[in-house]
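Only this structure's heavy atoms are used, side chains among them; waters, hydrogens and symmetry mates stay out. Along the sequence shown, residues carry numbers from 1. Not measured: the values here are computed from a predicted model. When a ligand or atom number is given, it counts from 1 through the structure's own listing order.
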Amino acid sequence: MVTNRTFTMLKPDAVEKGHVGAIIEKITASGFRIVAMKLTQMTTADAEEFYAIHKERPFFPDLVEYMTRGPIVAAILEKDNAVEDFRTLIGATNPAEAAEGTIRKLYAASIGENAVHGSDSDENAAIEGAFHFSGREMF
Ligand code: IDP
Ligand code: MG
């Protein structure tokens, strides 16, 4: 079980607004090594499976619509304490509550369209990374 990796997505709003380069620069400048990375687009079935834990929430249909409307950048990142440190780097789910200098404070528009995903546990990091990447795409 890998414990020093996390999984991220630069969500459709971040790609649409041209923030990919700036966000990747901030991630690598913060000490994360890129293990895997690609531009891809989730299908409705992909998004429903990826966010299955939220399927009873009122925002679920909007979340699936948002996450499938355009390309995302999916990536696996490596660093000591990766999951926790990456959640700190991205900030709170609601950008209005995110700390100064965090990716969501800088680039997110709202709690729904919040620019970036970060895994919430080592277990989910492994599941989410394997959802998007084969072993041959990980370095
Ligand atoms: P997280 O992305 O910070 O881990 P989660 O609670 O796991 O936050 O929610 C997953 C995603 O669902 C959020 O990143 C956001 O895009 C969306 N979301 C969460 N809560 C709300 C809400 O109250 N309204 C609209 N969208 C939400
Ligand atoms: Mg979450």
Side-chain angles (χ1 to χ4, degrees):
M1 177 84 198
V2 174
T3 58
N4 59 346
R5 289 183 178 185
T6 192
F7 171 78
T8 187
M9 296 181 287
L10 312 191
K11 298 181 177 183
D13 57 320
V15 177
E16 288 160 8
K17 293 174 183 170
H19 291 149
V20 167
I23 294 173
I24 292 172
E25 169 60 22
K26 192 163 179 62
I27 290 169
T28 55
S30 300
F32 292 87
R33 185 180 78 82
I34 297 167
V35 173
M37 179 171 276
K38 67 182 165 191
L39 193 65
T40 185
Q41 186 163 358
M42 296 175 96
T43 66
T44 297
D46 288 337
E48 286 175 350
E49 182 180 343
F50 189 92
Y51 284 111
I53 193 166
H54 295 305
K55 66 176 183 291
E56 307 302 336
R57 307 285 290 277
F59 60 80
F60 185 72
D62 287 345
L63 176 60
V64 171
E65 178 72 24
Y66 159 53
M67 288 303 299
T68 58
R69 78 176 184 218
I72 61 165
V73 174
I76 297 172
L77 304 171
E78 190 169 76
K79 183 183 181 295
D80 288 347
N81 203 35
V83 167
E84 189 183 346
D85 285 1
F86 194 72
R87 295 286 301 200
T88 300
L89 180 65
I90 67 176
T93 306
N94 185 350
E97 296 165 6
E100 288 300 327
T102 60
I103 292 172
R104 282 169 167 166
K105 185 70 173 185
L106 289 166
Y107 299 112
S110 67
I111 190 170
E113 301 206 3
N114 58 6
V116 63
H117 169 83
S119 303
D120 62 6
S121 67
D122 286 346
E123 182 187 10
N124 284 335
I127 292 168
E128 292 169 1
F131 184 90
H132 282 275
F133 294 99
S134 72
R136 287 168 52 189
E137 297 176 296
M138 298 179 197
F139 302 89

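Of the N or O atoms in His117, none lie within a sub-3.5 Å distance of an N or O in ligand 1. Ligand 1 has a nitrogen or oxygen under 3.5 angstrom from a nitrogen or oxygen of Thr93. Between Gly118 and ligand 1, no pair of N/O atoms sits closer than 3.5 Å. Considering both main-chain and side-chain atoms, Arg57 never comes within under 3.5 Å of ligand 1 through any nitrogen or oxygen pair.
Taking every non-hydrogen atom of Asn114 and a distance limit under 4.0 Å, the qualifying atoms of ligand 1 come out as 13 (C), 14 (O), 15 (C), 16 (O).
When Val64, Asn124, Ile111 are checked for heavy-atom proximity to atom 23 (O) of ligand 1, Ile111 turns out nearest. With distances taken over non-hydrogen atoms, the option nearest atom 16 (O) of ligand 1 out of Ala92, Gly112, Ser110 is Gly112. With distances taken over non-hydrogen atoms, the option nearest atom 9 (O) of ligand 1 out of Met9, His54, Lys11 is His54. Distances from atom 19 (C) of ligand 1 to the heavy atoms of Phe59, Tyr66, Phe60 show the closest one on Phe59.
Here the side chains of Ile103 and Ile27 are in contact, with some heavy-atom distance below 4.5 Å. Contact check for Asn114 versus Tyr66: side-chain heavy atoms found under the 4.5 Å cut-off.
With respect to atom 11 (C) of ligand 1, the closest heavy atom belonging to the protein is Leu63 CD1, 4.0 Å. Closest to atom 2 (O) of ligand 1 among all protein heavy atoms lies Arg104 NH2, 3.1 Å. At the top of the distance list for atom 4 (O) of ligand 1, counting protein heavy atoms only, stands Arg87 NH1, 2.8 Å.
For the pair Lys55 and Phe60, the cation-pi criterion (under 6.0 Å, within 45° of the ring axis) is not fulfilled.
Remark: Glu65 CD is loosely packed, at most 12 non-hydrogen atoms of other residues, nucleotides or ligands lying under 6.0 Å away. Heavy atoms of other residues, nucleotides or ligands lying less than 6.0 angstrom from NZ of Lys17 number more than 12.
Between Leu39 and Pro71, the closest heavy-atom pair is CD1-CB, 3.9 Å.
Counting only N and O atoms by type, the side chains of Asp85 and Thr88 include no donor and acceptor under 3.5 Å apart.
Relative orientation of the Phe50 and Phe7 rings is tilted, given thresholds of 30° and 60° on the angle between their planes.
Under a 4.0 Å heavy-atom criterion, Glu113 is not in contact with ligand 1.
Between Glu113 and the options Lys11, Arg69, Arg104, a salt bridge (Lys or Arg N to Asp or Glu O under 4.0 Å) holds for only Arg69.
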